Number of protein chains: 2
Amino acid sequence: MDPTVPEAIPVIRPRTSGADVLAETPAYDLIELFFFAYRDFVSDPDRILDEYNFGRAHHRVLHFVDRQPGLTIAELLDILRITKQSLNRVLKELIEKGFIESRTGTADRRQRHLHATPQGRHLALKLARLQTRRIMHALAEMDPEAKNLVSGYLLALIDQDDRAHVQRLVFGEKET
Amino acid sequence: MDPTVPEAIPVIRPRTSGADVLAETPAYDLIELFFFAYRDFVSDPDRILDEYNFGRAHHRVLHFVDRQPGLTIAELLDILRITKQSLNRVLKELIEKGFIESRTGTADRRQRHLHATPQGRHLALKLARLQTRRIMHALAEMDPEAKNLVSGYLLALIDQDDRAHVQRLVFGEKET
DNA sequence: GTTTTTAAGTCAGCCTTGTTGACATATCTC
DNA sequence: GAGATATGTCAACAAGGCTGACTTAAAAAC
């Protein structure tokens, strides 16, 4: 299919030589650690969400609405990169159960501005704290410089074209 | 539901005071960066897997079988933490399409020892290299010490009880 | 040597969360 | 007024989780 790699090459000692070894030797350690870390990272909220009969999709929606009050549907779709139909399924539930409120825009009455209700903010905060606890416990064992380094690394992992967008979204500068 | 947090408290300036501020102020930056970084991290393989009509589940199975030749079903289930039925669905396909081979154990003939075929190893390597490229590009922009720091951080994020297990799995010491 | 336990496989059905495609409605823009 | 835009909705499908029940073969226990 893609004969770049002769089959007989052992996975452990690649034959690539010179400067691009770094790019060609699989970084199995980081690949696997990222997998396991992410799994445990999302497992904390899962347990709580179960009690509300919500899933991870609900969590993501609630999280970003809580973080950016007044977010429109289009903006939320852009962040989550899912279809309108997928979003609507979970958003509808969150609205019906009173965790999110949808307000018709004033400038543009076609738009809907989403806001977490007090109940929604409460749940969002509860979940964020759970994840924060894990994040901070991990950082506590390390150099004080680690937090900046880790967030710099995570940012650098993101697609170049999105990086500025994510940076704005994460570190502020929302024009609402 | 859980009245720990009065609703009126603004998310940005929590009223918690003293030493536990770190534990109570949500680390929104890391939470969100982790989300976006992981999304892009798995998106590279997804594009290739599509060509084979495989999904992420296939990738995970192939990855760990490739990394630990001779893995048994029980060991694989323990790593992936999914049910036998879920595993079987994708494993069967990988075997039928010739990416993985299942050999009856010699010491214990009830067991199956899984091995990636040359075709399987080829695909696994191709996918690992894609992810490695992203990982290394991100690291290239940073301090040379960063790699150890990041892997230390990711390891610290993992559930305490599993940490030793994952460490063995990622950094070697397999007794097979 | 029979019984019990274990490893693996399988059938059936369900849930969540993603997808596509088609279409409706209200509102804004030109 | 015509067309574009933002949202909402119906229907059907797919991937990949899950539970529960049951089979088979082989090992272990007795």
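Chain A is the first sequence line, chain B the second, and so forth, proteins listed ahead of strands; every chain is numbered from 1. All values reported here derive from a predicted model rather than from experimental measurement.
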Peer 1: Counting only non-hydrogen atoms, which of residues 85-92 of chain A are less than 4.0 Å from DNA chain C?
Peer 2: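 When residues 85-92 of chain A is checked for heavy atoms under 4.0 Å from DNA chain C, the hits, listed by number, are A:Gln85, A:Ser86, A:Arg89.
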
Peer 1: What's the NZ-P distance between B:Lys84 and C:dC11, to the nearest Å?
Peer 2: 13 Å

Peer 1: For B:Gly152 and A:Met142, work out which heavy atoms get closest and say how close.
Peer 2: C-CE, 4.3 Å

Peer 1: When the side chains of residues 143-151 of chain B are checked against the rest of the protein, which donor-acceptor pairs come out under 3.5 Å, sequence neighbours left out?
Peer 2:
residue, atom, partner, partner atom, Å
B:Asp143, OD1, B:Glu145, N, 2.7
B:Ser151, OG, B:Lys147, O, 3.2
B:Ser151, OG, B:Asn148, O, 3.2

Peer 1: Anything under 4.0 Å to a heavy atom of chain A counts; send over the first and last such nucleotide of DNA chain D, read 5' to 3'.
Peer 2: D:dT5 to D:dC10

Peer 1: With a 4.5 Å cut-off on side-chain heavy atoms, are A:Leu123 and A:Asp66 touching?
Peer 2: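 No; the side chains remain at least 4.5 Å from each other.
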
Peer 1: Starting at atom CG of A:Leu76, determine the distance to atom C1' of C:dG18, rounded to an integer number of angstrom.
Peer 2: 15 Å

Peer 1: Scan residues 148-165 of chain A for pairs that pass salt bridge (Lys or Arg N to Asp or Glu O under 4.0 Å), counting only residues two or more places apart or in two chains.
Peer 2: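 For residues 148-165 of chain A, and leaving out neighbouring residues, the salt bridge (Lys or Arg N to Asp or Glu O under 4.0 Å) pairs sorted by first residue read A:Arg81-A:Asp162, A:Asp159-B:Arg134, A:Arg163-B:Glu141.
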
Peer 1: Please enumerate all residues that pass ring pair (Phe, Tyr, Trp, His ring centres under 6.0 Å) together with A:Phe64, with sequence neighbours excluded.
Peer 2: B:Phe35, B:Phe36

Peer 1: Heavy-atom nearest nucleotide on DNA chain C for A:Ala107 versus A:Ala57: which residue maps closer to 5'?
Peer 2: A:Ala57

Peer 1: Using modelled atom types only, decide if a donor and an acceptor are shared between the side chain of A:Arg109 and the backbone of A:Ala107 within a distance under 3.5 Å.
Peer 2: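 Looks like no, no N/O pair under 3.5 Å.
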
Peer 1: Under the rule for ring pair (Phe, Tyr, Trp, His ring centres under 6.0 Å), what residues qualify as partners of A:His63, not counting sequence neighbours?
Peer 2: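 For A:His63, the residues satisfying ring pair (Phe, Tyr, Trp, His ring centres under 6.0 Å) (neighbours in sequence not counted) are B:Tyr28.
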
Peer 1: Please report the distance, rounded to the nearest Å, between CD in B:Glu96 and P in C:dG9.
Peer 2: 12 Å

Peer 1: Under the ring pair (Phe, Tyr, Trp, His ring centres under 6.0 Å) rule, collect the residues that match up with B:Phe41, sequence neighbours excluded.
Peer 2: A:Phe34

Peer 1: Please report the closest heavy-atom contact between A:His115 and A:Pro69, naming both atoms and the distance.
Peer 2: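 Looking at all heavy atoms of both residues, the shortest contact is ND1-CB, 3.9 Å.
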
Peer 1: With a non-hydrogen cut-off below 4.0 angstrom, is A:His113 in contact with a base, only sugar-phosphate, or nothing?
Peer 2: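 If one applies the 4.0 Å heavy-atom cut-off, A:His113 turns out to touch nothing in the nucleic acid.
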
Peer 1: Could you state the CG-P distance from A:Asn53 to C:dT17, rounded to the nearest angstrom?
Peer 2: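 So the CG-P distance, A:Asn53 to C:dT17, works out to 11 Å.
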
Peer 1: If the condition is side-chain hydrogen bond (donor to acceptor under 3.5 Å, both in side chains), which residues does B:Asp46 pass it with, not counting sequence neighbours?
Peer 2: B:Arg56

Peer 1: Polar atoms only, N or O, under 3.5 Å: list the protein pairs with nucleotides 1-7 of chain C and their distances.
Peer 2:
residue, atom, partner, partner atom, Å
C:dT6, O2, B:Arg110, NH1, 2.8

Peer 1: Any side chain to side chain donor-acceptor pair (under 3.5 Å) involving residues 91-101 of chain B? Give me the pairs, sequence neighbours left out, ordered by first then second residue.
Peer 2: B:His58-B:Glu93, B:Glu101-B:Arg103

Peer 1: Using the side chain to side chain contact (heavy atoms under 4.5 Å, CB included) criterion, which residues pair with B:Ile95? Sequence neighbours excluded.
Peer 2: B:Leu91, B:Ile100, B:Ser102

Peer 1: Surrounding CD of A:Gln160 (heavy atoms of other residues, nucleotides or ligands, distance under 6.0 Å), is the total greater than 12?
Peer 2: no

Peer 1: Between atom CG in A:Leu77 and atom P in C:dT20, what is the gap in whole Å?
Peer 2: 13 Å

Peer 1: What residues from residues 39-51 of chain A pass a heavy-atom cutoff of under 4.0 Å to DNA chain C?
Peer 2: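 Close to the strand, none.
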
